[in-house]
Structures are given as structure tokens and as C-alpha cells.
Amino acid sequence: MSMNASPSAKRLVGRIEVKNSGEPTVNAVYEERNPTSVPEGFSRTCKSMRWPPDEMWERLSDGRKPWFEASNESYIYWNRGDGKWWIDGPSGAGLYIVSSPESSPPSEGWVALSGARQPVPVLEVLA
């Protein structure tokens with residue numbers, strides 16, 4: 001299965017809704033966040049691995065693309081290390097990815113990581 005989004009996938013900005021995912025914790029509305037602030041779930045994961053959260057965020061995030069956060073601390077961010085957008089659950093565990101260099105996550109083309117439930121999510125911009 002290809003990890004690339006279809007060329008016709010709609011690009012999103014601002015508030016994003018994740019829906020139709022097999023992982024209920026990520027089906028939510030996400031608000032745009034400052035690219036230099038570190039998501040709480042990311043920070044928790046780093047601390048459990050004994051990695052410095054700020055340093056790891058600097059290494060993985062490009063500091064320019066915004067990331068998006070749900071009220072339960074699930075988050076979406078672009079990882080410059082692998083060129084993919086990630087949807088992580090509140091624990092910080094990665095659940096879905098999509099290859100896309102765009103400045104905002106695509107609506108379609110997401111792939112479930114090992115252990116994540118199907119179906120894969122669809123993202124929609126909210127006015």
C-alpha cells in the first residue's frame with residue numbers, strides 16, 4: 001500500500017476535524033498551534049524514553065509548519081525526519097501517517113501504523 005497522498009487530496013489550514021478513524025481518541029476538532037511549542041503528548045513520550053522534549057521537537061519539527069491539537073491532547077504534526085504528517089493519540093503514540101511536504105496535512109491518503117485500528121481517518125477544514 002502506498003503511503004503517498006493522492007495528488008487530488010485537498011490541503012487544509014486552520015481548524016481541522018479528524019473523523020471516521022478507527023481510533024476514537026483522534027476523532028476530534030484540532031486547533032492550530034505555534035510551530036515552536038511542544039505538544040504535551042510528545043513531551044510525555046520523550047520523558048518516558050528519557051529524551052529531552054524540546055531538543056527532540058526541534059529535531060523532528062521544522063519550526064515553520066503549524067501543528068494541530070485536540071482538547072484531549074491528540075495532535076497532528078509534520079515530521080521533517082521522514083517527510084510525513086503524523087496523527088498521534090493523547091499518549092503521544094503515533095497512529096496514522098501520510099507522506100506530504102505540504103504546509104498543512106492532506107485530507108486523504110492516511111495509512112495506519114502497526115497497532116492502529118482501521119478505518120484510516122479523513123480530515124476536513126472547518127470554517
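Nothing here was measured: the structure is a model prediction, and the numbers come from that model. One-based numbering along the sequence shown.
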Working to the nearest 0.5 Å, report the span between [atom1] of [X] and [atom2] of [Y].
X    : Y    : atom1 : atom2 : answer
S91  : E40  : OG    : CD    : 13.5 Å
S100 : E108 : OG    : CD    : 12.5 Å
S61  : R80  : OG    : CZ    : 7.5 Å
E55  : L60  : CD    : CG    : 10.5 Å
S21  : N27  : OG    : CG    : 4.5 Å

Should we count CD of E58 as having more than 12 external heavy atoms under 6.0 Å?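 Counting other residues, nucleotides and ligands, CD of E58 stays at 12 neighbours or fewer.
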Does the side chain of [X] reach to within under 4.5 Å of the side chain of [Y], using non-hydrogen atoms?
X    : Y    : value
Y75  : R33  : no
P24  : R117 : yes
L113 : I97  : yes
P105 : W78  : no
P35  : K65  : no
I76  : W67  : no
D54  : V38  : yes
V29  : L126 : yes

Output field: ring centroids F42/W57 closer than 6.0 Å: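 So the answer is yes for these two rings.
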Atom of [X], atom of [Y] and distance for their closest heavy-atom approach:
X    : Y    : answer
T45  : G92  : OG1-CA, 3.3 Å
V26  : S74  : CG1-OG, 4.0 Å
C46  : M56  : SG-CB, 3.8 Å
P121 : W110 : O-CD1, 3.7 Å
E23  : G115 : OE2-O, 3.9 Å
P119 : Y96  : O-OH, 3.7 Å

Run V18 and Y30 through side chain to side chain contact (heavy atoms under 4.5 Å, CB included) and show every step you take. CA-CA 8 Å; V18 173; Y30 292 69; 3.4 Å; yes
Go through the steps to decide whether V98 and V111 satisfy the test side chain to side chain contact (heavy atoms under 4.5 Å, CB included), and finish with yes or no. CA-CA 6 Å; V98 65; V111 174; over 6 Å; no
Basic-acidic side-chain contact under 4.0 Å: E32, R15: no
State yes or no: do I16 and V122 share one hydrophobic cluster built from I, L, V, M, F, W and Y residues joined by side-chain heavy-atom distances below 4.5 Å, directly or via other members?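 As far as the 4.5 Å side-chain criterion goes, V122 and I16 are not connected within one cluster.
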